[in-house]
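Sequence lines set the chain letters: A, B, ... in the order given, protein chains first and strands last, and positions in each chain run from 1.
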Amino acid sequence: MESKDESGNAAKLLAVVLQIPKGSVGTYGQIAKLAGLSRNARQVGTVLNRLPEDSDVPWHRVVNAQGKISDRGDGVFAGLQRQMLESEGIEFDDDSKLNLSVHQWRECD
DNA sequence: ACTCTGACGGAAT
DNA sequence: GATTCCGCCAGAG
């Protein structure tokens, strides 16, 4: 069985993001891996980019492997995400980076 | 069907 | 730590 997951990959990615607890963040690679798309971190960004505002997905809790917020081209976007994460208790560096060693989400938490 | 780009990651140099 | 190259795949034209 294992389902075919034809194009359900996006749904799986979103499902993983929804599992991220408040005050924690996940990396694209980590989410992709948990979703079964270990080498497909790119699609994570692609999916979140096309994510509608109607979604209940905390996309703001998703950052890249560097613990940094990805610029989509809109500098405002990154700044907004930073504030949202700070609002959840996450601290940033002067480079808009956060300490993954402390804030990265873990299933065993 | 083809090409190009893209919220990325990781290993190699 | 920075740069380079590769992999992997989904949208859009």
- request: In sequence, state the C-alpha distance, the side-chain angles, and the governing distance for A:Leu80 and A:His60, and then conclude on side-chain contact (heavy atoms from CB on, under 4.5 Å).
  value: CA-CA 9 Å; A:Leu80 179 63; A:His60 54 258; over 6 Å; no

- prompt: How long is the gap from CG on A:Leu14 to CD1 on A:Ile31, to the nearest 0.5 Å?
  reply: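 Taking CG in A:Leu14 and CD1 in A:Ile31, the distance rounds to 9.5 Å.
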
- request: Can you measure from CG (A:Leu13) to CD (A:Gln43) and round to the nearest 0.5 angstrom?
  value: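 Nearest 0.5 Å value for the CG-CD distance: 6.0 Å.
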
In whole Å, what is the span from the [atom1] atom of [X] to the [atom2] atom of [N]?
| X | N | atom1 | atom2 | result |
| --- | --- | --- | --- | --- |
| A:Tyr28 | C:dA10 | OH | C1' | 16 Å |
| A:Asn40 | B:dA7 | CG | C1' | 13 Å |
| A:Ile31 | C:dC8 | CD1 | P | 20 Å |
| A:Gln30 | B:dC8 | CD | P | 16 Å |
| A:Leu37 | C:dA10 | CG | P | 9 Å |
| A:Leu14 | C:dA10 | CG | P | 14 Å |
| A:Leu100 | B:dC8 | CG | P | 14 Å |
| A:Leu80 | B:dA7 | CG | C1' | 14 Å |

If you restrict it to nitrogen or oxygen atoms, what contacts under 3.5 Å exist between nucleotides 3-7 of chain C and the protein, and what is each distance?
{"residue": "C:dG7", "atom": "O6", "partner": "A:Arg42", "partner atom": "NH1", "Å": "2.8"}
{"residue": "C:dG7", "atom": "N1", "partner": "A:Arg42", "partner atom": "NH1", "Å": "3.2"}

Report each atom pair, protein N/O against N/O of nucleotides 11-13 of chain C, whose distance is under 3.5 angstrom.
{"residue": "C:dA12", "atom": "OP1", "partner": "A:Arg50", "partner atom": "NH2", "Å": "2.4"}

Without placing hydrogens or testing angles, list every side-chain donor-acceptor pair under 3.5 Å for residues 18-29 of chain A, not counting sequence neighbours.
{"residue": "A:Gln19", "atom": "NE2", "partner": "A:Ala15", "partner atom": "O", "Å": "3.1"}
{"residue": "A:Thr27", "atom": "OG1", "partner": "A:Gln30", "partner atom": "N", "Å": "3.1"}

message: Looking at every heavy atom in both A:Arg82 and A:Ile69, which two are closest together, and how far apart are they?
response: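 Residues A:Arg82 and A:Ile69, closest heavy atoms: N-CD1, 3.6 Å.
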
task: Verify, without hydrogens or angle tests, whether A:Asp95 (side chain) and A:Lys97 (backbone) share a donor-acceptor contact under 3.5 angstrom.
output: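 Flag not set: sc A:Asp95 to bb A:Lys97 has no pair under 3.5 Å.
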
task: Please answer whether the main-chain N or O of A:Gly67 pairs with a side-chain N or O of A:Gln104 as donor and acceptor at a distance below 3.5 Å.
output: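 Such a contact is absent between A:Gln104 side chain and A:Gly67 backbone.
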
- prompt: Looking at A:Asn9, does any N or O in its side chain come under 4.0 Å of the phosphate oxygens OP1/OP2 on C:dA10?
  reply: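 Affirmative; the distance criterion is met.
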
Provide a list of protein-nucleic acid N or O atom pairs under 3.5 angstrom, restricted to nucleotides 10-13 of chain B.
none

message: Could you go through A:Arg61 and A:Leu85, starting from their C-alpha distance and side-chain angles, then the distance that decides it, and tell me whether this counts as side-chain contact (heavy atoms from CB on, under 4.5 Å)?
response: CA-CA 7 Å; A:Arg61 289 185 191 149; A:Leu85 293 173; 4.2 Å; yes

When the side chains of residues 44-52 of chain A are checked against the rest of the protein, which donor-acceptor pairs come out under 3.5 Å, sequence neighbours left out?
{"residue": "A:Thr46", "atom": "OG1", "partner": "A:Arg42", "partner atom": "O", "Å": "3.0"}

- request: Can you run down the ring pair (Phe, Tyr, Trp, His ring centres under 6.0 Å) pairs that involve residues 83-109 of chain A, sequence neighbours left out, and say none if there aren't any?
  value: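 Ring pair (Phe, Tyr, Trp, His ring centres under 6.0 Å) check on residues 83-109 of chain A returns no pairs.
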
message: Starting the side chain at C-beta, find the nucleotide from B:dG9, B:dA7, C:dC8 nearest to A:Thr27.
response: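 Nearest listed nucleotide: B:dG9.
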
field: Nucleotide nearest A:Asn64 (side chain, heavy atoms from C-beta), chosen from C:dA10, B:dC8, B:dA7
entry: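 It is B:dC8.
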
message: Quick check: is A:Val63 connected to A:Val16 through a chain of hydrophobic side chains (ILVMFWY, heavy atoms under 4.5 Å apart)?
response: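 Result: no, two separate clusters.
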
